[in-house]
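Below is one structure, written out as structure tokens, with a few remarks after it.
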Amino acid sequence: MKRLTDTEREAGLATLPAWAYSPERGGCISRKLVFADFAQAFAFMTQVALHAEKSDHHPEWFNVYNRVNITLTTHDAEGLSQRDLAMAKIIDALYLPFTALKQV
Ligand SMILES: C[C@H](O)[C@H](O)[C@H]1CNC2=NC(N)=NC(=O)C2=N1
């Protein structure tokens with residue numbers, strides 16, 4: 001898997017406004033998500049995990065109660081690849097139904 005060029009990365013990130021780019025570890029993107037409670041957070045993580053296993057691309061993540069912080073990078077590419085952008089899109093889509101359930 002090829003690492004994205006600066007132009008490819010900028011074009012890709014323009015379609016992922018919730019994700020922040022960091023040059024750490026050759027390049028990665030992260031997003032922080034909030035849920036109504038732990039059950040909702042873990043239900044979401046289960047859906048992401050099933051997709052990650054199917055596509056052999058796995059998130060680095062941190063969960064405490066209703067918060068999930070996710071980082072995506074591609075080891076083979078030593079930075080950001082198309083696979084990270086594809087995974088970020090899926091994560092955004094899977095998160096959407098949970099935002100409606102969030103208690104404010
Ligand atoms: C051997 C296996 O295919 C690789 O280690 C896969 C597994 N999951 C992965 N996940 C992520 N995020 N980046 C990778 O480069 C990666 N590589």
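Ligands are counted one by one from 1 in listed order, and the atoms in each one are counted from 1 as well. This chain uses plain numbering: 1 for the first residue, then up along the sequence. All values derive from a computational prediction rather than experimental measurement.
When every heavy atom of D84 is checked against every heavy atom of I29, the shortest pair comes out as O-CD1, 4.1 Å.
The number of heavy-atom neighbours closer than 6.0 Å to CD of E24, taken from other residues, nucleotides and ligands shown, is 12 or below.
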For salt bridge (Lys or Arg N to Asp or Glu O under 4.0 Å), just list the numbers for D6 and R9, CA-CA rounded to whole Å, side-chain angles, deciding distance to a tenth of an Å, and then say yes or no. CA-CA 5 Å; D6 290 354; R9 185 187 73 230; 3.2 Å; yes
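Atoms CD1 and NZ, from I90 and K54 in turn, are 9.5 Å apart once rounded to the nearest 0.5 Å.
Annotation: F35 is in aromatic contact with Y95 [ring centroid separation under 6.0 Å].
Within 4.0 Å of ligand 1, heavy atoms belong to protein residues D56, H57, H58, T73, T74, H75, D76.
A salt bridge does not link D76 to R3: none of the charged nitrogens lies less than 4.0 Å from a carboxylate oxygen.
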